[in-house]
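Everything numeric in this text was worked out from a predicted model, so none of it was measured. Residues take their numbers from the sequence shown, with the count starting at 1. Whatever order the structure lists ligands and atoms in, that order sets their numbers, starting from 1.
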Amino acid sequence: MDLVSALAKELKSQVLTSWTEEEVSMLIETPKHTHMGDLAFPCFRLAKEWRKAPAAIAEEIAESLHSSLLTHVEAAGPYVNVRFNPVVAGREIIKNIITEGSRYGDHTFGEGKTIVLDMSSPNIAKPFSMGHLRSTVIGNAIANLAGNCGYETVKINYIGDWGTQFGKLIVAFKKWGDEEKVRENPIAELFTLYKKFHEEAATDPSLEDEGRKAFKLLEEGDEEITTLWKWFKSESLEAFKTIYSLLGVEFDSYNGEAFFNDKMEAVVDLLEEHKLLEISQGAKVVRLKDETLPPCLIKKTDGATLYATRDLAAALYRQREYSFDEALYVVGQEQTVHFKQVKEVLEQLGYEWAHNMKHIPFGLYLKDGKKMSTRKGRVILLEEVLQEAIAMAEKNIKQKNPDLKDGAKVARDVGVGAVIFHDVKNDRMNDIEFSLEHMLTFEGETGPYLQYTHARARSILRKAGLSSSLSNYDGLDDPASWEVIKKLRLFPETVERAWKNYAPSIVAKYLLELAKSFNSYYGNTKIINGDQQQETRLTLVYAVAMVLSKGLSILGIESPDEM
Ligand code: ARG
């Protein structure tokens, strides 16, 4: 049973007979403080029709509303606050959770629709940055949310493997590179070469020209240069895949920028046909109607294509290939202008579906309050962060639970979970100050705290000798368990809200609250004491473990049974 619709039903049948149940439901609110009640009905909307002050209406409704489900009905100013009978209502709620099982929290409104997510998308020959981590974990959580709402999802890793920078890198490698060294430590070595190129180019501008020419040759398919590029790419992908396997993230496609190399002429032709291209200082551009936006650069003077050209080709391809209902680009906010430009060009081409392309931006990781920059060397390597987090988790486990089986796997789940949660618990637009310490605190509002709460619930069930699911729930009447039950009830609407706002942080915050209410219940109640209500309490514990684990998995975090 859903408490909102239960209350709506009562209100409709007893006082608001001319309304539909839905209209009533829409108005029902959850009071800010639990002492005010479980739900509240605001009476402002009735004032006109009833020709009375909202507070007087609230009094009237409170007097006439009677139900065995409700233990308490009270007017508080313009609101009618109600309290449910925790035994009766709790029974209904828990029964529903147990019946739905692993599907609890899922929705069907997305069925038959496809969401394409452009996410992670690191650049080859460069370290996987914390910014790419954000895109990866936020994108993954949004994809999971979409899946839980019934959508088909396509996760695309649009690898940055094309562009003038690869011309520069190739020039640098040919001038100063050492094949052996690159084989040993590909990303770091290539990145060093790339940085050297920029240092040298500061005093020798002819290098820039050489770089442009090398990229031109790459675009034309020159054999030697293509071989080098392919080698850089395969080395980089291998390194990235180590990270993805640690994070437990998979993709449906790795079609990166280079994949669209042979699909860009068609874009240029299309723009030509629609008479959208203008020549500006020798380059081809599309002028945009939104005057706050700079013209979209399609082709440089030397004929080389650009980032935007490739994104246009990619969008057209994705619409053809997946006929998406929504295309989400989970990319840092510093690319906002770029995505506005791409979208507007497609709109000018007359594509209705361009309206369904959405940039899902996020803030930066800051280091000492400043933006981390690959060029300036203020860069933190994700792989090192992950390894360090895992090592700390391992140390912790060795101290607290040396006999834990599968300790290495649990350490990995906990270390990685800490890094992921540190990211997704923040509203995605917020900047995050990078702090290994905070990330790895295993107390407070962290991933390990949630994992620990889940493991604790599992251990209670284990102690009671219960491994499989429970279904006997008779109802509990203490306030602490009722708080837990009310939190459990909110899970489905939390999932829906998180999806609709593309905001995994909504799930993260929900889980922290659920864990908090469960821990305070657990702290005050002896769950296993052999009395008649033991099984009912265990069923509640089971439901909590199930929802915690499902919520964590939406965020891309594992929930070990023991830790
Ligand atoms: N590789 C780019 C970067 O690291 C991100 C790509 C984002 N996706 C896109 N379709 N442009 O900045």
Side-chain angles (χ1 to χ4, degrees), residues 115-140 142-143 154-166 168-169 187 190-191 194 215 229 232-233 236-237 239-240 243-244 249 251-261 263-264 267 293 296-298 305-322 324 326-346 353-354 356-365 371-376 379-382 428 502:
I115 308 290
V116 165
L117 295 105
D118 184 305
M119 50 181 270
S120 195
S121 312
N123 303 317
I124 64 166
K126 275 196 189 172
F128 194 101
S129 71
M130 295 302 285
H132 294 117
L133 169 73
R134 297 215 71 186
S135 172
T136 310
V137 302
I138 294 171
N140 190 49
I142 294 177
V154 185
K155 294 191 272 180
I156 302 177
N157 194 337
Y158 185 66
I159 297 282
D161 55 2
W162 210 247
T164 357
Q165 70 270 32
F166 298 108
K168 297 178 187 176
L169 181 63
I187 303 244
L190 292 173
F191 189 44
Y194 184 69
F215 178 56
W229 170 81
F232 297 163
K233 179 166 167 173
S236 303
L237 282 182
F240 295 157
I243 291 173
Y244 294 135
V249 176
F251 298 92
D252 301 297
S253 160
Y254 273 92
N255 287 341
E257 296 187 42
F259 177 79
F260 297 97
N261 192 25
K263 298 170 185 63
M264 278 187 286
V267 173
L293 295 176
C296 185
L297 205 51
I298 302 293
T305 57
L306 289 115
Y307 188 45
T309 331
R310 291 187 281 282
D311 254 324
L312 288 167
L316 286 158
Y317 175 85
R318 290 171 189 174
Q319 176 57 33
R320 269 202 313 278
E321 193 70 14
Y322 308 112
F324 58 75
E326 259 177 60
L328 307 180
Y329 292 81
V330 187
V331 185
Q333 61 188 354
E334 62 281 8
Q335 295 196 27
T336 299
V337 169
H338 165 76
F339 286 107
K340 280 191 182 161
Q341 290 178 307
V342 169
K343 186 169 170 158
E344 209 204 291
V345 171
L346 290 165
W353 51 261
N356 305 327
M357 288 168 59
K358 291 183 190 155
H359 177 208
I360 312 294
F362 50 81
L364 300 168
Y365 260 104
K371 182 180 158 128
M372 293 189 207
S373 146
T374 33
R375 289 242 188 106
K376 300 207 181 82
V379 55
I380 286 156
L381 302 185
L382 173 64
R428 65 177 154 72
Y502 311 115

Is NZ or CZ of Lys263 both nearer than 6.0 Å to the six-membered ring centre of Phe259 and within 45° of the ring axis?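 The answer is yes; both the distance and angle limits are met.
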So, does Asn157 use its side chain to make a donor-acceptor pair with the main chain of Ser120 at under 3.5 Å?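 A pair under 3.5 Å: no.
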Would you give the length of the straight line joining atom OG1 of Thr136 to atom CZ of Phe240, rounded to the nearest 0.5 angstrom?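 Between Thr136 OG1 and Phe240 CZ, I get 10.0 Å after rounding to 0.5 Å.
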Verify whether one side chain among His132 and Ser135 offers a donor that lies under 3.5 Å from an acceptor in the other.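 No, no side-chain donor-acceptor contact under 3.5 Å.
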Would you please indicate yes or no on a ring centroid separation below 6.0 angstrom for Tyr158 and Tyr254?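 No, ring centres 6.0 Å or more apart.
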Extract all N/O-N/O pairs under 3.5 Å that connect ligand 1 to the protein, and present each with both atom names and the distance rounded to 0.1 Å.
| unit_1 | atom_1 | unit_2 | atom_2 | d |
| --- | --- | --- | --- | --- |
| ligand 1 | 1 (N) | Ser121 | O | 2.9 |
| ligand 1 | 1 (N) | Asn123 | OD1 | 2.7 |
| ligand 1 | 4 (O) | Asn123 | OD1 | 3.4 |
| ligand 1 | 4 (O) | Asn123 | ND2 | 3.0 |
| ligand 1 | 4 (O) | His132 | NE2 | 2.8 |
| ligand 1 | 8 (N) | Asp118 | OD1 | 3.0 |
| ligand 1 | 10 (N) | Asp118 | OD2 | 2.8 |
| ligand 1 | 10 (N) | Asp311 | OD1 | 2.8 |
| ligand 1 | 10 (N) | Asp311 | OD2 | 3.4 |
| ligand 1 | 11 (N) | Tyr307 | OH | 2.7 |
| ligand 1 | 11 (N) | Asp311 | OD2 | 2.7 |
| ligand 1 | 12 (O) | Gln335 | NE2 | 2.9 |

For Gln335, which residues count as a side-chain contact (heavy atoms from CB on, under 4.5 Å) partner, sequence neighbours excluded?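 Testing Gln335 for side-chain contact (heavy atoms from CB on, under 4.5 Å), a comparison that skips the adjacent residues, returns Tyr307, Val331, His338, Phe339.
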